[in-house]
Number of protein chains: 2
Amino acid sequence: MDTTPDLLTLRIVRTISEHGTISEAARILGYSQPALSQHLTRAQTRLGLALVVRAGRGVRLTEAGRALASHAVTVLNAVDAASAELAELAGLSSGTVRIAAFPTASSTLVPRLIRQLRQQHPNLTVNYVEAEPPQALQLLRDGAADVAITFSYPEDRADPHLSRDGGHTTVPLFTEPVVLVLPDSHALATADDVGLADLANDAWIAGCTLCRGHLLALCNLEGFAPEIGLETDNALAVLNFVSRGLGVALLPQLALSSLTLPEGVSIHSPQPSSERTIQYVIQPGATRIPSVAATIAMLTALDGASWGLRDYPESERTAR
Amino acid sequence: MDTTPDLLTLRIVRTISEHGTISEAARILGYSQPALSQHLTRAQTRLGLALVVRAGRGVRLTEAGRALASHAVTVLNAVDAASAELAELAGLSSGTVRIAAFPTASSTLVPRLIRQLRQQHPNLTVNYVEAEPPQALQLLRDGAADVAITFSYPEDRADPHLSRDGGHTTVPLFTEPVVLVLPDSHALATADDVGLADLANDAWIAGCTLCRGHLLALCNLEGFAPEIGLETDNALAVLNFVSRGLGVALLPQLALSSLTLPEGVSIHSPQPSSERTIQYVIQPGATRIPSVAATIAMLTALDGASWGLRDYPESERTAR
DNA sequence: ACTCAAGCATAACTAGACGTGATAGTTCAT
DNA sequence: ATGAACTATCACGTCTAGTTATGCTTGAGT
């Protein structure tokens with residue numbers, strides 16, 4: 001005989017002890033009278049003892065019923081506390097979201113995202129970590145981040161997003177062009193569109209690991225291997241190197257949007273043109289986590305145009 | 001969206017937080033793995049938020065999951081306490097039974113009953129109140145007693161047991177003869193059987209209200225109205241009155257069995273013979289109250305023969 | 001004593017919850 | 001690469017837990 005009461009039984013017994021009748025308890029708890037009557041008989045059968053006995057035209061709690069009623073207060077208070085905490089989390093009156101994003105986003109997308117989140121959900125705690133896409137994905141896998149904001153080059157065959165597709169959900173947000181940066185001294189500095197093949201003999205300045213991979217892949221398609229003279233993660237440094245005539249470079253549009261262009265460099269559209277995709281990545285099913293849902297809602301609502309980003313085509317914006 | 005968790009969800013979440021995986025939780029809780037997996041998805045749908053997310057080949061609790069797990073400890077401890085108290089009541093390691101019985105039983109049936117109960121259930125608290133049948137029934141109705149031990153005369157048309165038949169359950173236990181008590185000085189003192197009609201002109205000594213009613217009904221059947229000179233509830237007083245030659249009396253066998261017969265009285269079988277029934281009365285459904293069940297089990301096991309009682313015919317021993 | 005209203009129990013029915021085993025897909029480690 | 005561990009999903013049967021409709025008992029007020 002299982003003497004473990006269920007929550008409804010506790011609620012019923014408590015309400016009966018407070019209001020005296022089953023019918024009134026049913027009204028208060030929002031059930032029909034037979035529902036409670038039957039639940040009680042079932043519960044009593046399960047428990048193997050009586051909780052109520054008829055008394056006149058009402059009922060009276062037995063000793064066991066009174067015992068349950070007194071415990072019910074404790075149990076239901078605790079349950080209500082749990083419920084309230086869940087409601088808070090669901091309503092974002094509390095909760096935490098941990099965001100990881102690549103460095104360039106730190107000065108563009110992320111500040112705006114966090115400001116909007118703070119404004120709309122003042123009680124939501126937001127943590128932010130800067131990390132290149134592979135590291136951001138690792139943070140996600142380790143449970144150290146809830147949302148990773150990353151980018152992909154469509155040509156990248158080693159894209160970490162593809163390698164373990166089942167382990168996370170990737171949703172594209174924007175595409176941005178990759179632009180060519182030439183020093184004014186360069187022979188093609190006055191052209192609008194510049195063929196990459198025409199730069200086969202130039203010195204190249206490479207960005208972060210991923211961007212460098214992209215550069216290599218792109219040049220490979222054009223039939224040459226670029227000579228890479230300098231490497232740096234820092235977009236501003238790249239620009240300065242170019243302005244001193246130390247080489248040419250490809251940079252994503254977003255990297256430029258938060259910088260003022262130094263003297264002596266010019267922006268061009270490379271031929272063939274190229275672009276990268278900015279996306280967010282979450283744990284599968286994490287849309288059910290309110291803080292995450294709020295964050296990605298905010299993200300998709302962000303207007304990328306101010307940074308030269310284009311919304312990813314809606315028709316193709318599907319989770320992977 | 002109802003954010004109230006149910007007990008199983010709390011148990012599951014707690015166990016997952018302690019043991020890390022759903023499968024292990026299922027083993028511990030005695031379910032199949034799909035059962036918990038499905039229960040979790042249902043719970044998460046109900047709650048409107050995620051409690052677990054996949055992580056590698058296991059799962060990890062979300063913020064909400066961890067919140068629930070911590071509340072689960074409180075809730076489940078309280079539920080377990082309630083369960084333990086019910087188990088105590090069910091196993092009669094605690095509990096109370098309140099018994100009401102008519103005065104004559106106080107010195108015969110009841111002491112033996114209570115002694116047996118105490119012996120078999122040392123932790124059961126037994127309360128006893130002496131009350132004539134109508135009062136005992138009232139105590140039962142008021143919830144002031146759990147078991148009433150009463151008697152009925154079959155001729156009694158005003159028997160309170162009959163008046164509100166639905167309000168309680170009556171189970172006959174024994175029948176006992178009603179005997180005639182005559183003083184030695186009486187002309188019929190040497191006869192075995194004595195016709196009541198032959199005592200039409202004697203002075204009568206009446207017992208309690210119910211017994212007096214019985215006497216009147218009986219004499220009425222025989223065609224005379226007895227002259228009642230003395231009344232007393234006390235059977236010993238009745239006997240002493242008779243021994244002094246103050247009258248004749250009818251007494252139930254049980255009343256005599258605990259007394260030593262005074263000098264100068266003799267016991268006879270009245271004609272027509274008469275008997276009363278000793279029974280217990282409980283609230284309907286009260287057999288599900290362990291302390292009551294134990295008491296009536298004890299009662300039906302009592303051997304009435306030592307007091308001159310006869311077991312009520314088994315075939316007719318049905319609850320009314 | 002009769003009648004009415006309050007309250008509980010029961011019946012018949014339905015929808016959904018809740019188990020099960022079988023199976024497939026991931027992930028991690030050897 | 002292979003296997004072990006873990007979770008998710010499917011198909012299925014059973015039982016739970018509600019519903020409305022209805023009848024019975026009780027207490028109160030004519």
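Heavy-atom basis, side chains included; hydrogens, waters and symmetry copies ignored. Each chain gets a letter, A, B and so on, in the order the sequences are listed, and its residues count up from 1.
For Arg42(B) and dT20(C), the CZ to C1' distance is 12 Å, given to the nearest whole Å. Between the CD atom of Gln283(B) and the P atom of dT26(D) there is a distance of 13 Å, rounded to whole Å. Going from atom CD of Gln138(B) over to atom P of dT26(D) covers 13 Å, rounded to whole Å. Nucleotide dT10(C) holds its P atom 12 Å from the CG atom of Leu40(A), rounded to whole Å. Residue Arg60(A) contributes atom CZ, which lies 13 Å from atom P of dC8(C) at whole-angstrom precision. Going from atom NE2 of His39(B) over to atom P of dG19(C) covers 7 Å, rounded to whole Å. Atom CG in Leu36(A) sits roughly 11 Å away from atom C1' in dG18(D) (whole-Å rounding). Rounded to an integer number of Å, the gap from Arg54(A) CZ to dT10(C) C1' is 12 Å.
Contacts between residues 3-14 of chain A and DNA chain D, defined by a heavy-atom separation below 4.0 Å, involve Leu8(A), listed by number. Scanning residues 19-31 of chain A for heavy-atom distances under 4.0 Å to DNA chain C yields Thr21(A), Ile22(A), Ser23(A), Arg27(A).
At least one side-chain heavy atom of Leu92(A) sits under 4.5 Å from a side-chain heavy atom of Ser291(A). Looking at Ile282(B) and Asp146(B), their side chains never come closer than 4.5 Å, going by heavy atoms from C-beta outward. Side-chain contact check for Thr96(B) versus Glu63(A): some heavy-atom pair is nearer than 4.5 Å. For the pair Tyr280(A)/Ile99(A), no side-chain contact is recorded, criterion being any heavy-atom separation below 4.5 Å from C-beta on. Contact check for Thr287(A) versus Val292(A): no side-chain heavy atoms found under the 4.5 Å cut-off. The shortest distance between side-chain heavy atoms of Glu85(B) and Ser94(B) does not fall below 4.5 Å.
Just one residue in the list Thr175(A), Thr150(A), Leu299(A), Ile149(A) forms a side chain to side chain contact (heavy atoms under 4.5 Å, CB included) with Gln279(A), and that residue is Thr150(A).
For dT26(C), the OP1/OP2 oxygens have no side-chain nitrogen or oxygen of Arg141(A) closer than 4.0 Å.
Ring pair Phe151(B)/Phe102(B) is perpendicular by interplanar angle, where above 60° counts as perpendicular and below 30° as parallel.
One distance of note links CZ of Arg54(A) with CZ of Arg60(A); it measures 11.5 Å at 0.5 Å rounding.
Bending across the helix from dA1(C)-dT30(D) to dT30(C)-dA1(D), expressed as the angle between its end axes from five pairs apiece, amounts to 30° (10° rounding).
Considering only side-chain atoms of Arg57(A), the nucleotide from dG19(C), dA6(C), dG18(D) that sits closest is dA6(C).
For Thr3(B) against Leu86(A), the heavy-atom pair with the smallest separation is O-CD1, 3.6 Å. Shortest non-hydrogen contact noted between Ala25(B) and Leu36(B) is C-CD1, 3.7 Å. A pairwise comparison of heavy atoms in Ala78(B) and His71(A) identifies O-ND1, 4.2 Å as the closest pair.
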For nucleotides 9-15 of chain D, which of its nitrogen or oxygen atoms have a protein nitrogen or oxygen under 3.5 Å away, and what is each distance?
none

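The side chain to side chain donor-acceptor pair (under 3.5 Å) analysis of residues 37-52 of chain B, with sequence neighbours excluded, yields the pairs Asp6(B)-His39(B), Thr9(B)-His39(B).
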Per-pair distances, 0.1 Å, donor-acceptor, side chain in residues 11-20 of chain B, under 3.5 Å, sequence neighbours excluded:
from	atom 1	to	atom 2	distance (Å)
Thr15(B)	OG1	Arg11(B)	O	2.7
Ser17(B)	OG	Arg14(B)	O	2.9
His19(B)	ND1	Thr15(B)	O	3.4

